[in-house]
Chemist: 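Below is a structure I'd like to ask you about.
Side chains included, hydrogens not; waters and symmetry mates left out as well; all remaining heavy atoms used.
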There are 2 protein chains.
Amino acid sequence: MSKRTKESRRPPAKIADVARLAGVSVATVSRTLARPEVVSEETRNRVLAAVRDTSYTPNISARNLRVRKTMVVLVAVPNIANPFFAEILQGIDDTLSAAGYGLVIANLAGPPEKEARYVDLVCAGQADGVLLLCGHVIRSRDRDLRDAHVPLVGACEYIPGASFPQVCIDNVGAAREAVRHLIKLGHTSIAYLSGPQSTILERQRLEGYKQALKEAGIAAAGGLIISGDFTFRTGVEAGRALLALSPEVRPTALFAANDEMAIGLIKTLQSGGLRIPHDLSVVGFDGIPYADYCEPTLTTIVQPRRELGASAAAELIALMTTEKSAVRKDIELPATLILRDSTCPPSARNRN
Amino acid sequence: MSKRTKESRRPPAKIADVARLAGVSVATVSRTLARPEVVSEETRNRVLAAVRDTSYTPNISARNLRVRKTMVVLVAVPNIANPFFAEILQGIDDTLSAAGYGLVIANLAGPPEKEARYVDLVCAGQADGVLLLCGHVIRSRDRDLRDAHVPLVGACEYIPGASFPQVCIDNVGAAREAVRHLIKLGHTSIAYLSGPQSTILERQRLEGYKQALKEAGIAAAGGLIISGDFTFRTGVEAGRALLALSPEVRPTALFAANDEMAIGLIKTLQSGGLRIPHDLSVVGFDGIPYADYCEPTLTTIVQPRRELGASAAAELIALMTTEKSAVRKDIELPATLILRDSTCPPSARNRN
DNA sequence: CGATCCTATGTAATCGATTACATGAACCTG
DNA sequence: CAGGTTCATGTAATCGATTACATAGGATCG
């Protein structure tokens with residue numbers, strides 16, 4: 001009886017159609033859908049049947065107009081093509097779309113005027129919330145964004161003085177752990193391949209590196225810091241630089257601020273004749289899928305990417321739905337060092 | 001004079017505010033924004049100034065409600081985490097967002113009920129168009145999607161009988177070209193590492209492989225086809241299978257249906273002691289960034305990913321904006337074989 | 001039994017834009 | 001100068017929901 005044949009003509013059913021079919025007013029239909037407990041069981045059944053028969057779905061534009069929400073959140077991501085962010089996005093998407101939100105992805109890798117367009121969109125109140133996957137945006141349009149008065153949550157890159165909640169791992173601690181691992185293996189000459197100096201992420205990982213060296217009583221010789229920018233290319237360049245060094249002065253281990261650079265470095269070193277980890281131990285950071293595919297597989301700090309995205313999204317939802325923000329707490333997720341094949345004790349011939 | 005200090009209070013300006021400030025009716029404001037040429041120069045200036053002073057932006061929900069559009073397109077993608085799709089998405093995003101559309105990304109890698117939710121959303125008229133990056137969805141909800149009467153464009157995977165325009169490369173031709181390259185180098189024993197048998201993509205690449213062998217008069221021995229599913233893991237498995245073969249019967253070259261498998265295969269072969277390309281030439285398909293990073297760099301068919309995404313998006317925009325579809329043409333984009341280091345003539349010891 | 005309260009439902013205002021139609025001024029034109 | 005155009009603008013209906021307020025009928029109670 002409830003199984004009608006296709007009645008579906010071109011224009012989608014509207015609430016008035018359902019009301020007519022059920023013999024009630026539009027208000028009752030709306031109530032039935034929003035708060036089923038306030039209508040009598042009998043009407044409820046009639047309405048729900050009518051909803052089914054007309055395959056009615058509320059028009060979101062109309063609803064959003066009325067309740068003054070957009071059900072859209074803006075996600076600012078440095079670069080979608082980066083597998084690290086791709087997985088964070090999945091976590092965000094899972095959580096947000098389950099709660100009925102759509103997400104507009106602002107890919108900052110695109111032309112810069114696009115970034116401006118996105119910020120404007122937010123300021124114009126066309127998004128209910130913003131998720132920042134990097135400190136980038138906030139620095140340029142700080143004020144605009146702030147007094148647009150839109151809930152905001154940050155993830156991945158922890159910004160110390162920020163006025164909004166953030167979801168991150170302990171970058172300093174994780175970097176320290178990575179370097180401690182190398183020290184425990186017996187390495188004393190440990191280089192660091194940095195990220196772009198302008199990011200907070202970079203400063204924190206550098207800090208962790210320094211702390212580990214310091215607590216082990218190893219002097220952080222300045223020359224052991226090689227500067228990179230998170231790209232494969234700079235990993236390759238760092239590799240060339242290391243190859244140019246004579247074996248006696250070459251470090252026996254290296255901590256890279258992310259996996260992509262670590263992999264570029266390893267490739268370059270290998271084609272220059274070095275054996276990894278025998279001649280140089282390498283530990284990376286992030287735990288991108290490829291780190292487990294390369295040869296040798298990469299020892300690295302793996303970040304809980306999906307969870308990072310999911311809890312940032314959950315936090316934002318809380319902010320958006322709660323009356324006047326009271327949430328405001330930072331969340332720190334655990335990152336773990338995964339031991340694979342790119343590290344081993346320094347070989348005898350490299351010891352001094 | 002136009003540079004006012006911040007007047008921005010909580011509620012965003014609405015069209016009535018602008019009208020009041022400019023001393024005109026709301027209709028005139030709307031017209032000024034939509035078709036500036038129909039209002040007198042003098043009013044136009046007054047209105048535009050008022051727009052600036054109030055930093056007015058039309059409320060999209062209200063507009064969409066009125067004009068019965070959503071300005072949203074749904075993009076169904078097999079897996080965002082896959083770098084191949086990530087770049088296509090960028091092309092789509094560039095084009096679509098420049099035209100003012102938002103995109104909802106339906107990541108089919110997620111839980112299957114999410115896929116259903118997305119299809120429902122489209123059927124409920126909450127999207128103006130759909131972009132399919134794989135044949136997957138269409139096959140399961142074919143009818144629903146069709147009579148939802150929403151403009152649809154396919155990309156990447158060409159579906160022969162489809163009733164909607166598609167933007168693809170010539171998969172058969174490209175695969176044939178890849179294999180021809182191996183043949184030209186002198187190989188006569190060429191294996192094929194397939195994609196998932198259920199996809200049309202796979203059948204087309206297999207077809208190209210067969211055509212190339214046939215035109216060279218090489219019998220396609222059945223045993224040379226190894227089945228995979230586009231993942232790194234099956235590349236590894238294929239590598240193990242090849243290692244198990246004695247060198248005399250082992251093929252001297254292999255064409256993989258995508259790069260990820262090719263890379264998995266190469267890694268495995270290398271750790272099994274084979275030298276690539278010396279002992280086995282490999283050509284891949286897709287041209288993902290990593291193909292240029294691995295060791296040796298991968299000879300592969302590179303697909304114009306960004307353009308693929310951009311023209312699919314452009315085609316969809318045409319469909320959505322044109323009165324009653326008249327567009328309906330498939331677009332074929334060129335894919336090119338890029339020669340890198342994973343292929344060379346068969347070595348003497350492997351010849352028979 | 002009349003006052004009071006509750007429950008279930010209906011009526012109509014509202015969200016903020018777009019746009020068909022109405023209006024009125026200015027300008028021709030014969 | 002009556003009547004017809006054209007041009008710029010205003011009035012008000014409309015898109016499709018949500019929800020404050022009104023109302024009617026029934027239960028409860030002193």
Chemist: Listed in order of residue number, which residues of residues 29-38 of chain A have a non-hydrogen atom at under 4.0 Å from DNA chain D?
Modeler: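 Hits under 4.0 Å, by residue number: A/Ser30, A/Arg31.
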
Chemist: Exactly one of B/Leu89, B/Asp93, B/Ile105 should register a side chain to side chain contact (heavy atoms under 4.5 Å, CB included) with A/Ile105. Which one does?
Modeler: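 With A/Ile105 as partner, side chain to side chain contact (heavy atoms under 4.5 Å, CB included) holds for just one option, B/Ile105.
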
Chemist: Please produce a list of atom pairs where a protein N or O lies less than 3.5 Å from an N or O of nucleotides 23-27 of chain C.
Modeler:
none

Chemist: Want to settle it: does B/Ala62 or B/Val24 sit nearer the 5' end of DNA chain D, counting the closest nucleotide to each?
Modeler: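 Of the two residues, B/Val24 wins.
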
Chemist: When the axes are fitted on five pairs at both termini, how much does the helix from C/dC1-D/dG30 to C/dG30-D/dC1 curve, in 10° steps?
Modeler: 50°

Chemist: Going 5' to 3' on DNA chain D, which nucleotide is the first and which the last to come under 4.0 Å of a heavy atom in chain B?
Modeler: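 On DNA chain D, the outermost contacted nucleotides are D/dA8 to D/dG16.
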
Chemist: Write down the atom of A/Gly129, the atom of A/Val150, and the distance for their closest heavy-atom approach.
Modeler: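 Looks like CA-CG1, 3.5 Å.
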
Chemist: A/Arg63: which residues meet the side chain to side chain contact (heavy atoms under 4.5 Å, CB included) condition with it, sequence neighbours left out?
Modeler: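 Scan of A/Arg63 (side chain to side chain contact (heavy atoms under 4.5 Å, CB included), adjacent residues dropped) gives A/Pro58, A/Val67.
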
Chemist: Should A/Asp17 and A/Lys14 be marked as a salt bridge (charged side-chain N to carboxylate O under 4.0 Å, His left out) after you check the CA-CA gap, both sets of side-chain angles, and the distance that decides it?
Modeler: CA-CA 5 Å; A/Asp17 300 328; A/Lys14 47 180 83 172; 6.0 Å; no

Chemist: Which atom pair, heavy atoms only, marks the closest approach of B/Leu133 to B/Phe85?
Modeler: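 Scanning both residues, the minimum pair turns out to be O-CE2, 3.9 Å.
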
Chemist: CD of A/Glu41 versus P of C/dA8: gap in Å, rounded?
Modeler: 11 Å

Chemist: For residues B/Leu152 and B/Pro165, report the shortest heavy-atom separation together with the two atoms involved.
Modeler: O-CD, 3.6 Å

Chemist: Is there a donor-acceptor pair under 3.5 Å between the side chain of A/Ser55 and the backbone N or O of A/Val51?
Modeler: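 No: the side chain of A/Ser55 does not pair with the backbone of A/Val51.
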
Chemist: Roughly how far, to the nearest 0.5 Å, is CD of B/Glu315 from OG1 of B/Thr95?
Modeler: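 Taking OG1 in B/Thr95 and CD in B/Glu315, the distance rounds to 12.0 Å.
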
Chemist: Taking all heavy atoms of B/Ala312 and all of B/Val153, pick out the closest pair and write down the distance.
Modeler: O-CG1, 3.8 Å

Chemist: Give the C-alpha distance, both sets of side-chain angles, the deciding distance and a yes or no for side-chain hydrogen bond (donor to acceptor under 3.5 Å, both in side chains) between B/Asp128 and B/Thr70.
Modeler: CA-CA 6 Å; B/Asp128 292 342; B/Thr70 63; 2.9 Å; yes

Chemist: If I compare all heavy atoms of B/Ser311 with all of B/Ile331, which pair ends up nearest, and what's the gap?
Modeler: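 Taking every non-hydrogen atom into account, CB-CD1, 4.5 Å.
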
Chemist: List for me each residue that meets side-chain hydrogen bond (donor to acceptor under 3.5 Å, both in side chains) alongside A/Glu37, sequence neighbours excluded, and say none if there are none.
Modeler: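 Result, side-chain hydrogen bond (donor to acceptor under 3.5 Å, both in side chains) vs A/Glu37: none returned.
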
Chemist: With DNA chain C as reference, determine whether B/Thr28 or B/Ser61 sits nearer its 5' end, using the nearest nucleotide of each.
Modeler: B/Ser61

Chemist: Return the value, rounded to whole Å, for the distance between atom CZ of A/Arg46 and atom P of C/dA8.
Modeler: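 A/Arg46 atom CZ is separated from C/dA8 atom P by 14 Å.
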
Chemist: Short question: side chain of A/Thr28, backbone of A/Val24 - any donor-acceptor pair under 3.5 Å?
Modeler: no

Chemist: Can you check whether A/Ser40 has a side-chain N or O nearer than 4.0 Å to OP1 or OP2 of C/dT7?
Modeler: no

